Amino acid sequence: MTTATTALPTTPQAARKRAGGKLRALRKNRLALTGGIIAAVFILAALLAPLIAPYDPAQPDFGNVLAEPSWSHWLGTDDLGRDQLSRIVYGARASMQVGLVAVVLAFVIGVPLGLVGGYYGRFADSTISRLTDTMLAFPFLVLAVGLAAILGPSLSNATIAIGISQIPAVIRITRAETLRLKHVDYVGAAIANGGGDGTVLFRHILPNATSALIVQATVGIPAAIIGEALLSFLGLGVQPPAPSLGVMLSGAQSFLAPAPWLAVFPGLAIVAATLAFNLLGDGLRDVLDPRGGTR
């Protein structure tokens, strides 16, 4: 059954007007704007870590072991005298790297599978759906830990494990959008005009599913950040002495009483990063996907 739909913009001016309206709506959402600013700060800190970090994050200073926060060390030092602020900045780089690369990996694999399953249906859809359901039977973090244990402890393997663990969610979002969009009027018109499957999928369905996929990306990044912190905490991600928020939390366990700042500041950094992307995702969902999303 054909679903009524609004015609797509036919001119660049109309497209720019619609984009401008969405941008203004996003700016009016204070929580989303705040989340976007904090997320941008984390991304910039990750990119500019060598310029921002006041000290070498791996260089011990045995004269300042477990030093409290001060003007010389704003967030204190750890049990080897390493500056906590510098390690958090570099830890944010590892978190952002995993968050962005894992989401890209999930999209590169999940989006084509979701398009194929939703558009062709039948055997292809059944096979892809069964595979997705099997992976979804395992909680995200459990699946990521299992894959990381199989692949071995390293940042790259942790990224791969987290990216694979996010593929089922991307497939489901893409499939749902494809099932919805393949019945709209302009897709039927494209088929009637002789458009092939590739034209329909990549010129009509995928561009109009972008809004839901952008929202899913902003949900996937904080999940990947938490996943990286957990894997590093368990010794399956970043390996010491390389800085990571999860590694810092793991090392802080023995010093919670004499030096609570070793756990407080990395923990706050994880909370701030994940909350920022979640707030941004909620705002983008309200603006780009007013139906409430397909999650």
Side-chain angles (χ1 to χ4, degrees), residues 42 46 49 57-58 78-80 82 87-88 90-114 127-174 216-256 262-263 265-271 273-275 277-278 295:
F42 270 91
D78 64 7
D79 57 312
L80 296 178
R82 296 173 296 191
R87 291 182 65 77
I88 288 176
Y90 274 87
R93 165 177 277 193
S95 296
M96 290 297 105
Q97 176 182 333
V98 172
L100 295 175
V101 175
V103 168
V104 170
L105 174 62
F107 272 56
V108 167
I109 298 175
V111 169
L113 290 176
T127 302
I128 293 171
S129 295
R130 296 296 78 77
L131 174 63
T132 303
D133 292 341
T134 300
M135 296 181 70
L136 287 173
F138 300 92
F140 164 72
L141 291 177
V142 173
L143 183 58
V145 169
L147 290 172
I150 294 171
L151 295 172
S154 71
L155 179 60
S156 58
N157 287 342
T159 303
I160 294 171
I162 293 171
I164 293 174
S165 301
Q166 291 195 348
I167 289 174
V170 177
I171 292 176
R172 293 189 69 179
I173 293 291
T174 309
Q216 177 59 30
T218 59
V219 173
I221 291 174
I225 291 173
I226 294 175
E228 184 276 326
L230 173 64
L231 293 178
S232 296
F233 182 87
L234 296 175
L236 297 172
V238 176
Q239 297 300 296
S244 162
L245 299 178
V247 169
M248 294 174 71
L249 287 176
S250 179
Q253 293 180 91
S254 303
F255 305 96
L256 292 178
L262 295 184
F265 292 125
L268 288 176
I270 294 173
V271 171
T274 54
L275 181 62
F277 280 102
N278 278 319
R295 286 185 295 159

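The structure presented is a predicted model; accordingly, all values stated were derived computationally and were not measured. Throughout, numbering of the chain's residues begins at 1 and tracks the sequence.
In terms of heavy atoms, I162 sits closest to A102 at CG2-CB, 3.9 Å. Shown here for G227 and L141, the closest heavy-atom pair between the two residues is CA-CD2, 3.8 Å. Closest non-hydrogen pair, A46 versus R93, comes out as O-NE, 2.9 Å. Residues F42 and A269 share a closest heavy-atom pair of CZ-O, 3.4 Å. When all heavy atoms of Y90 and P57 are compared, the pair lying nearest together is CD1-CG, 3.5 Å. In terms of heavy-atom proximity, L245 sits nearest to P266 at O-CB, 4.2 Å.
In this structure, CG on L151 lies 9.0 Å from OG on S156, to the nearest 0.5 angstrom. Annotation: the span from I167 atom CD1 to T174 atom OG1 amounts to 11.5 Å, rounded to 0.5 Å. Rounding to the nearest 0.5 Å places CZ of F255 at 4.0 Å from CG of D79. Here the CG-CD1 distance, from L131 to I128, works out to 8.0 Å after rounding to the nearest 0.5 Å. How far CZ of F277 is from CD1 of I221: 4.5 Å, rounded to the nearest 0.5 Å.
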Below 3.5 Å, can you tabulate the donor-acceptor pairs from side chains in residues 235-243 to any protein atom, sequence neighbours excluded?
{"from": "Q239", "atom 1": "NE2", "to": "G235", "atom 2": "O", "distance (Å)": "3.1"}
{"from": "Q239", "atom 1": "NE2", "to": "G237", "atom 2": "O", "distance (Å)": "2.9"}

Can you give each donor-acceptor pair under 3.5 Å made by side-chain atoms of residues 246-253, sequence neighbours left out, with the distance rounded to 0.1 Å?
{"from": "Q253", "atom 1": "NE2", "to": "S250", "atom 2": "O", "distance (Å)": "3.1"}

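No side-chain N or O of Q97 forms a donor-acceptor pair with one of T159 less than 3.5 Å apart.
When atom types are taken as modelled, the side chain of R82 and the backbone of A58 share no donor-acceptor pair closer than 3.5 angstrom. Side-chain atoms of N278 come within 3.5 Å of backbone atoms of T274 as a donor-acceptor pair (strictly under, hydrogens ignored). A donor-acceptor pair is defined here as one N or O able to donate and one able to accept, closer than 3.5 Å; such a pair exists between the side chain of N157 and the backbone of G152.
The residue from V103, I171, L143 that alone fulfils the side-chain contact (heavy atoms from CB on, under 4.5 Å) condition with Q166 is V103.
Under the side chain to side chain contact (heavy atoms under 4.5 Å, CB included) criterion, L275 pairs with L279, not counting sequence neighbours.
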Run the side-chain contact (heavy atoms from CB on, under 4.5 Å) check on S165 and L147 step by step: do they pass? CA-CA 8 Å; S165 301; L147 290 172; 3.8 Å; yes

side-chain contact (heavy atoms from CB on, under 4.5 Å) between I225 and V98, intermediate numbers included: CA-CA 7 Å; I225 291 173; V98 172; over 6 Å; no

Evaluate the criterion side-chain contact (heavy atoms from CB on, under 4.5 Å) for residue pair M135 and I164; output intermediate values, then yes/no. CA-CA 9 Å; M135 296 181 70; I164 293 174; 3.9 Å; yes

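Contact of the S244 side chain with the E228 side chain is registered, since non-hydrogen atoms from C-beta on lie closer than 4.5 Å.
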